[in-house]
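Please read the structure below before turning to the comments.
Remember, predicted model here, so these are calculated numbers, not experimental data. When a residue number appears, it is its place in the shown sequence, counting from 1.
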Amino acid sequence: YLKGEAPGVKFGIPEQAAQLAGGLLPGELLMWLGWTTIGKSSVCVQWAWDVAVNQHKHVVIFTTETLRPQVRVKLVARHSRLEKFGLDRGLNTRDIRAGRLSTEEERALQAVLQDWKANPDYGKCDVVQVPENATVSSLGARLAAIDRRYHPDLVVIDYLQLLLPERARRESSDTSDQTGIVKAAKRLAATFGQGRGIPVASPWQTNRNGRLKMKESG
């Protein structure tokens, strides 16, 4: 605040920044709400990339549904769109995964990878594969270990719904379990780093009934 800027991380999408001025602050939990295949995870990847590259801050992405190499390919594809690589539309994620790049694109990919890994102006962007039967607490322990090496500025959990509720708090219904997971994520955001706090974001998938209720309520 003394520097004229709010702590935390800004949104890397102008339309999003206009709606949520100031970005996401330490201790806050943001849920990207939407139905399947609408692009929730892609928004999270874009945001993580922007925080690392344009804001020069550190990001940790916990991935559950998507494999770690696939998330890293998405980050590399996004990075390839920088003007300095000379690619009008960047590299296509599907082409990278399928090995369909031209000779020129292969050379560009090597330049993108080198810049992504070695540019000292960028913050760190670690992608962590979440093991089976993970809880918010187990992610918190992993994050604490990372914090001993460097202080993360943003945590993305893709996504909370695939985590298990804390054993001591498990109840009978799916709804109460999901509520408990969200509350645990909020506690992680607020108490991380001995009260230093950290912004936490996660996609949250709604079903058809949830979508209809959203439309009805505006």
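- Val112 and Leu101 end up in the same hydrophobic cluster when Ile, Leu, Val, Met, Phe, Trp and Tyr side chains are linked at under 4.5 Å.
- Annotation: side chain of Ile198 is not in contact with side chain of Leu154 (no heavy-atom distance under 4.5 Å).
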_For a side-chain contact (heavy atoms from CB on, under 4.5 Å) check, start with the C-alpha distance between Gln161 and Gln205, then their side-chain angles and the critical distance, and finish with the verdict._
CA-CA 8 Å; Gln161 278 167 304; Gln205 185 169 305; 3.4 Å; yes
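- Taking CD of Glu106 as the reference point, atom CD1 of Ile96 lies at 9.5 Å (rounded to 0.5 Å).
- Scanning all heavy atoms of the two residues, the minimum distance from Ser137 to Glu166 falls at OG-OE1, 2.9 Å.
- Taking the six-membered ring where the residue is Trp, Trp32 and Phe11 present perpendicular rings, their angle passing 60° and hence far from 30°.
- If you check the side chains of Gln129 and Thr63, you find no donor sitting under 3.5 Å from an acceptor.
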*Would you sort out whether Val200 and Phe192 count as a side-chain contact (heavy atoms from CB on, under 4.5 Å), showing the intermediate values?*
CA-CA 10 Å; Val200 176; Phe192 178 74; over 6 Å; no
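- Counting heavy-atom neighbours within 6.0 Å of Lys186 NZ, excluding the residue itself, gives a total above 12.
- For the atom pair CG of Leu113 and CG of Leu109, the computed distance is 4.5 Å after rounding to the nearest 0.5 Å.
- A pairwise comparison of heavy atoms in Gly140 and Leu188 identifies CA-CD1, 3.9 Å as the closest pair.
- Put simply, the side chain of Pro152 reaches to within 4.5 Å of the side chain of Ile146, judged on heavy atoms.
- Side-chain contact check for Val59 versus Trp49: every heavy-atom pair is 4.5 Å or farther apart.
- In this structure, the side chains of Val128 and Arg142 come closer than 4.5 Å at one or more pairs of heavy atoms.
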*List the steps, then state whether side-chain contact (heavy atoms from CB on, under 4.5 Å) holds for Glu28 with Leu25.*
CA-CA 6 Å; Glu28 292 184 334; Leu25 303 179; 3.7 Å; yes
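- In summary, Lys84 and Asp115 engage in a salt bridge, as defined by a charged side-chain N under 4.0 Å from a carboxylate O.
- Between Leu67 and Val71, the closest side-chain pair of non-hydrogen atoms is not below 4.5 Å.
- No single ILVMFWY cluster, assembled from side-chain heavy atoms under 4.5 Å apart, contains both Trp204 and Tyr159.
- The CZ atom of Arg97 sits 4.5 Å away from the CD atom of Gln70 when rounded to the nearest 0.5 Å.
- The side-chain heavy atoms of Arg149 and Asp126, taken from C-beta on, include a pair separated by under 4.5 Å.
- Shown here for Ser80 and Ala77, the closest heavy-atom pair between the two residues is OG-O, 2.6 Å.
- If you check the side chains of Asp158 and Ser41, you find a donor sitting under 3.5 Å from an acceptor.
- Hydrophobic clustering (ILVMFWY, side-chain heavy atoms < 4.5 Å, transitive): Leu143 and Val182 are in one cluster.
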*In sequence, state the C-alpha distance, the side-chain angles, and the governing distance for Gln55 and Lys10, and then conclude on side-chain contact (heavy atoms from CB on, under 4.5 Å).*
CA-CA 8 Å; Gln55 301 180 44; Lys10 300 175 183 177; 3.8 Å; yes
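- Atom CZ in Arg78 sits 12.0 Å away from atom OG in Ser42 (nearest 0.5 Å).
- By the rule that hydrophobic residues join a cluster once side-chain heavy atoms approach within less than 4.5 Å of another member, Met31 and Leu163 end up as members of one cluster.
- Checked by atom type and distance alone, the side chain of His58 never pairs as donor or acceptor with a backbone atom of His151 at under 3.5 Å.
- Ring to ring, Tyr122 and His79 are close: their centroids are under 6.0 angstrom apart.
- Nearest heavy atoms, Asp121 versus Asn119: N-OD1, 2.9 Å.
- Ion pairing of Arg196 with Asp147 is present here, as a side-chain N (NZ or NE/NH1/NH2) and a carboxylate O approach within less than 4.0 Å.
- Under the 3.5 Å distance criterion, the side-chain polar atoms of Ser202 are matched with a main-chain donor or acceptor of Leu160.
- Atom CZ of Arg94 sits in a sparse spot, with 12 or fewer heavy atoms from other residues, nucleotides or ligands closer than 6.0 Å.
- Note that CG of Asp88 and CD of Glu83 are 10.0 Å apart. Values are rounded to the nearest 0.5 Å.
- Distance CZ/Arg72 to OG1/Thr66: 14.5 Å, rounded to 0.5 Å.
- Using a 4.5 Å heavy-atom cutoff, the side chains of Cys125 and Trp116 are in contact.
- Distance alone, capped at 3.5 Å, is enough to place a donor-acceptor pair between the Lys40 side chain and the Trp35 backbone.
- In this structure, Leu24 and Trp47 have side chains that are in contact, with non-hydrogen atoms separated by less than 4.5 Å.
- Nearest approach of Arg100 to Glu105, heavy atoms of both residues: O-OE1, 4.3 Å.
- Salt-bridge formation is not detected for the pair Lys57/Asp153: no Lys NZ or Arg NE/NH1/NH2 atom is positioned less than 4.0 Å from an Asp or Glu carboxylate oxygen.
- Follow the hydrophobic side-chain contacts under 4.5 Å out from Leu75 and you reach Leu87 in the same cluster.
- Side-chain atoms of Thr191 come within 3.5 Å of backbone N or O of Arg187 as a donor-acceptor pair.
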